[in-house]
Structures are given as structure tokens and as C-alpha cells.
Amino acid sequence: MNNNNNNNEVDILILSTYDQDGAGLHSIYQKNLLKKLGYKVSIICAEKLSEDEETKGILIKGDWELLKYKIKRRIHRYFLNEKSKRYSFVHSYEINENKVLKSNAWPNSCKLIICNYLSGMFSFKTLYKVWLRYKKIPIIFYGVDMELYTGGCHYSRECLQYKQLCKKCPAFKLSKSKKIENNFLQKHKYLNLFKKHLVVASSEEMKIQLKESYLFSSSDIRKILMPTDSKIFGNSCEHQRIRIRTKNGFEKKFVIMIRSSSEERKGCYNFIKAINYIEKDNPEKYQSIQLIAVGDDFIKSKLSNKNISLFYEGFVKDFSKLADLYVASDVFINTSLADSGPSMLSQAAMTGTSIISTNVGLAHDLISTNGIILKNNGYKELVNAIYKIMKIPKSEQSKNRIKARNSAFSLLNEEKYLNTTKDLMNEFLGNKN
């Protein structure tokens, strides 16, 4: 590892393959929160794509290694992974270890390492060498998805090999390859050497899976729910709801909001089946439905020949606009067959919107009287859940939204997360003056 760099010493080093989207946005949010607590923080990612000043990439633009890395990533993702709703993709590639260790991105010293996501960046063997470089400091692993406790797969929820040993991975076309099994065994080897480490689960489901996993069954595992911006998603009122619905012509409609995705694990095929069933089973209810679809155009394309009201917004990056869509909706439906969240569950809960969700991720953490958790994830079960929500009187819906919003705020507010993080840092680094 190159020590001849101009980086200052930091208190905390965050490792994340990405600095954008899921794990990347979480890492930058986490970094800003830790800075607010008075810590000096740096993020190391594979390739820097954001404008964040404290983030540095191992691979830089114009570097031959970056081109090789991108080619390798494309080959592995699109040619070596099975395309199946049961098994999501596997990261079986990484940056060359020498390139990682010789990078100028590394700070001269740090006191704590936070691993948000290493998949597709470097191995646990490389992490071990980084750890030695920083004199065996504590490590906190944040569970972003199942990759942390498997040989490299993501959201392969029906596969339980992580409880014993990941081998002959069904998500990987080269099933005879020992790569996945070797990754798993390597993780096990080096985890036993990281004497002072903690694992943070992002949901109750993940905490249970971590406890049952071969890799982390004896580790200290704690559940910490990620916060949701209450200033954006938690400020709605009944007057605002009426205004938004009137503006968009939704006054007399039963409004269903859903995340549209062509990715099979997102389960939108079941939603299409449910809508088609309602059309035949109860035409009157069918005509009263207003759909709001955000994301890709999968649902729009599948319902293009149907006589149903559809409000399609694409990918909504403006969170204030997204919050308005939740507020206007009578129910948000999550059809994911495998997911660590999704974050839209948290957002919907914070707005007080009723939720119908498959039994994944944050469902059991956030849904109680404010919605329905599907047991079998079948489309007829989804139809019955929609009918049940439709029967709730408007006056009762209004009261339920207030209760749901208050409940979500108690679980997901930023101050609670800040205090939890402060206590965690004090535990590992001592009290911050």
C-alpha cells in the first residue's frame, strides 16, 4: 500500500464498491452524518463517479486497469450469470490486488473501517492486508444485501447454501468453477482473524439470516434501520393529499402506487396478473383504479392495451415529487420476491400510505396495522389484499395514515439514527469530545 500520498489522517474509512445508487448513496449519507458528529471520514470506492470531495476511487479515468475492470464486469454480469427470478447476479470479479494496495487513494492512517460493500471491488484477502496496514483496527460490516454472508450472490433468497457452504452456485453458469466456494471459504478464514468486528443488519429479516449464516453465526449482530427524511416524506396532511389528488384528477379513484421493474426478482409479473384478474372478476372495481407507476416502463408496456388509468412518471429523482405521489396514493404495493429493503417501503411508511408487500426485507419492521404482508406472494393473494384495502372507509383511512406516519417516524427518524451511530462510534472509538 502506497504511503507516499498527500491524504491526511482520518478517523473512519468507509469502503464501498460504488459511490452512486444504493450502497454509494448510503455511504455518502453515512460519511456526512459521521462528519456531523465530528469525525474525519474518507470513502474508498472502485471508480469515483460522484462529485463528493471525500470520496476517492482506486481506479481512475484513463487507467488501463479501469478499462480491463469494466470489460471483466460486463463479461461476468451478462455472460456468466444465470437469468432467473430465483437467483440474482453474482460478483465473481474484482480489482487486481496489487492495484488496490498500491493505490494513492488510501489515507495514511485511520482508527475504524466501515465495510458497506466490497463485492466487485476486492476480496476479503485484500481487506485483510488493508486491515494489517492499519494495525488491526476494528471493522464494522453493514449488510446491504445477501452478498455479505454468501460467496458473492445478491438476493438469491430461496437458496439457503449460505447456512452451510456456498458451492456449485445455481446463479453462476460455470457451476463447476470453485470461485464461489473459494470466495466463501476465504471470507470464513479472514473473518476469524478480524477479532473485533461488528455486523449491522438493515432489517429483522437480514438479522435472522445473518444469525443463521455459516459466516456470521458467532458474530455480534445488531439491527439498525436506515433513516428516511421526515422533512420530505413525513410532512403531509389531509389537506395536502386532497390538493394533490385534485390536481391530478384522482379524486374519485382508488390510487395504487407501484415500482415498475422488468427485473424478475421485483415481481411485477404478479402485479400484472392481479390487475388482469380484477378486470375480469370485478369490472367496477377495475374501472375505479388509478395506477401510479414509477421506475422503468415495464408496467406501462404490459398494460398498454388495457382500459385502465395509468400515471407513469419514470424514475423520479425529485424526492419532494415522489413524496407527493405516495401521499396521493391509497396504497403502495411492493411485489419484490427478494429484496433487502426496498427503500420505497420506508418512504411509503413515512408518508402514512397503506402498504401491501411481499414477505421480504423491511416488511416485518414497518408493516403492522398500516398494511398487509403477503404470505405466499401469489397474484390472487395480492388481489384479495387490494380488495381488503379498498373496503376501508375514507374516514378510517385518514386516521390510519396519521397512526402509520407516527409509527414510521418513531422507527426511521434521523435523530434516532444519529444517536445510534454516535453510541456505536463511542463504543469503538471512545467518547468524542
Side-chain angles (χ1 to χ4, degrees), residues 21-37 114 116 140 142-145 199-210 221-237 240-241 257-259 294 316-329 331-334 336 339-373 399-425:
D21 300 322
L25 292 177
H26 165 58
S27 297
I28 291 174
Y29 174 88
Q30 192 178 52
K31 181 263 300 180
N32 290 334
L33 183 143
L34 291 167
K35 284 178 65 180
K36 189 183 293 187
L37 292 174
I114 293 178
N116 283 336
I140 300 177
Y142 275 77
V144 176
D145 60 29
V199 191
V200 175
S202 59
S203 68
E204 185 62 28
E205 179 191 56
M206 181 173 285
K207 184 178 179 181
I208 292 170
Q209 289 175 336
L210 283 163
I221 303 169
R222 304 180 202 178
K223 182 179 75 173
I224 301 178
L225 300 183
M226 284 296 298
T228 299
D229 194 332
S230 58
K231 292 179 182 178
I232 294 177
F233 294 99
N235 269 336
S236 61
C237 61
Q240 181 184 0
R241 173 178 161 81
M257 183 174 173
I258 185 165
R259 161 73 155 91
V294 297
V316 183
K317 295 184 178 180
D318 182 342
F319 277 6
S320 295
K321 187 175 182 179
L322 186 61
D324 283 350
L325 296 178
Y326 287 117
V327 171
S329 302
V331 64
F332 169 73
I333 297 179
N334 169 46
S336 290
D339 218 310
S340 60
S343 59
M344 291 188 81
L345 277 184
S346 301
Q347 295 166 354
M350 187 64 85
T351 62
T353 305
S354 295
I355 299 171
I356 297 173
S357 176
T358 48
N359 184 19
V360 299
L362 287 163
H364 282 285
D365 296 287
L366 301 178
I367 301 173
S368 54
T369 57
N370 61 327
I372 298 169
I373 299 176
K399 293 177 183 177
N400 289 344
R401 279 192 292 274
I402 295 172
K403 291 178 182 177
R405 193 160 56 243
N406 290 340
S407 175
F409 183 82
S410 69
L411 294 170
L412 303 171
N413 74 83
E414 300 92 327
E415 186 177 354
K416 178 178 181 178
Y417 185 76
L418 182 70
N419 290 332
T420 301
T421 301
K422 183 179 180 180
D423 291 342
L424 197 59
M425 294 305 107

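Quick note: residue numbers are just sequence positions, from 1.
Annotation: the span from Ile333 atom CD1 to Ile356 atom CD1 amounts to 4.5 Å, rounded to 0.5 Å. Atoms OG and CZ, on Ser329 and Arg241 in that order, are 8.0 Å from each other to the nearest 0.5 Å. Leu33 CG to Met425 CE: the interatomic distance, rounded to the nearest 0.5 Å, is 9.0 Å. Here CD of Gln209 is found 11.0 Å from CD1 of Ile221. Values are rounded to the nearest 0.5 Å. In this structure, OG1 in Thr228 is found 9.0 Å from CZ in Phe319, a value given to the nearest 0.5 Å. Rounded to the nearest 0.5 Å, atoms CG (Leu37) and CG (Leu418) are 5.0 Å apart.
The number of heavy atoms from other shown groups lying within 6.0 Å of NZ (Lys422) does not exceed 12.
When all heavy atoms are compared, the tightest approach of Asp229 to Glu414 is CA-OE2, 3.0 Å. Residue Met257 comes nearest to Leu322 through the heavy atom pair CE-CD1, 3.7 Å, listed as atom of the first residue, atom of the second, then distance. The shortest heavy-atom contact between Leu411 and Asp365 is CD1-O, 3.4 Å. When all heavy atoms are compared, the tightest approach of Val327 to Thr353 is N-OG1, 4.2 Å. Scanning all heavy atoms of the two residues, the minimum distance from Ser202 to Leu362 falls at O-CD2, 3.3 Å. Minimum interatomic distance between Ala348 and Thr351 (heavy atoms only, all atoms of both residues): O-OG1, 2.7 Å.
Between the side chain of Asp423 and the backbone N or O of Thr421 there is no donor-acceptor pair closer than 3.5 Å.
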*Given Leu366 and Ile355, is the side chain to side chain contact (heavy atoms under 4.5 Å, CB included) satisfied, shown in steps?*
CA-CA 9 Å; Leu366 301 178; Ile355 299 171; 5.5 Å; no
*Give the C-alpha distance, both sets of side-chain angles, the deciding distance and a yes or no for side chain to side chain contact (heavy atoms under 4.5 Å, CB included) between Ile372 and Ile367.*
CA-CA 7 Å; Ile372 298 169; Ile367 301 173; 6.0 Å; no
_Criterion side chain to side chain contact (heavy atoms under 4.5 Å, CB included) on Arg405 and Ile402, from CA distance to verdict_ = CA-CA 5 Å; Arg405 193 160 56 243; Ile402 295 172; 3.9 Å; yes
*Taking it one step at a time, do Tyr142 and His26 satisfy side chain to side chain contact (heavy atoms under 4.5 Å, CB included)?*
CA-CA 10 Å; Tyr142 275 77; His26 165 58; 4.0 Å; yes
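Two residues are said to be in side-chain contact when any heavy atoms from C-beta on lie closer than 4.5 Å; Ser236 and Arg401 fail this criterion. Between Asn334 and Thr358 there is a side-chain heavy-atom pair separated by less than 4.5 Å. Considering only heavy atoms from C-beta on, Asp324 comes within 4.5 Å of Gln240 through its side chain. The closest side-chain heavy-atom distance from Ile373 to His364 is below 4.5 Å. Residues Leu345 and Ser357 are in side-chain contact: their nearest non-hydrogen atoms beyond the backbone lie under 4.5 Å apart.
Under the 30°/60° scheme for interplanar angles, the aromatic rings of Tyr417 and Tyr29 are found to be tilted.
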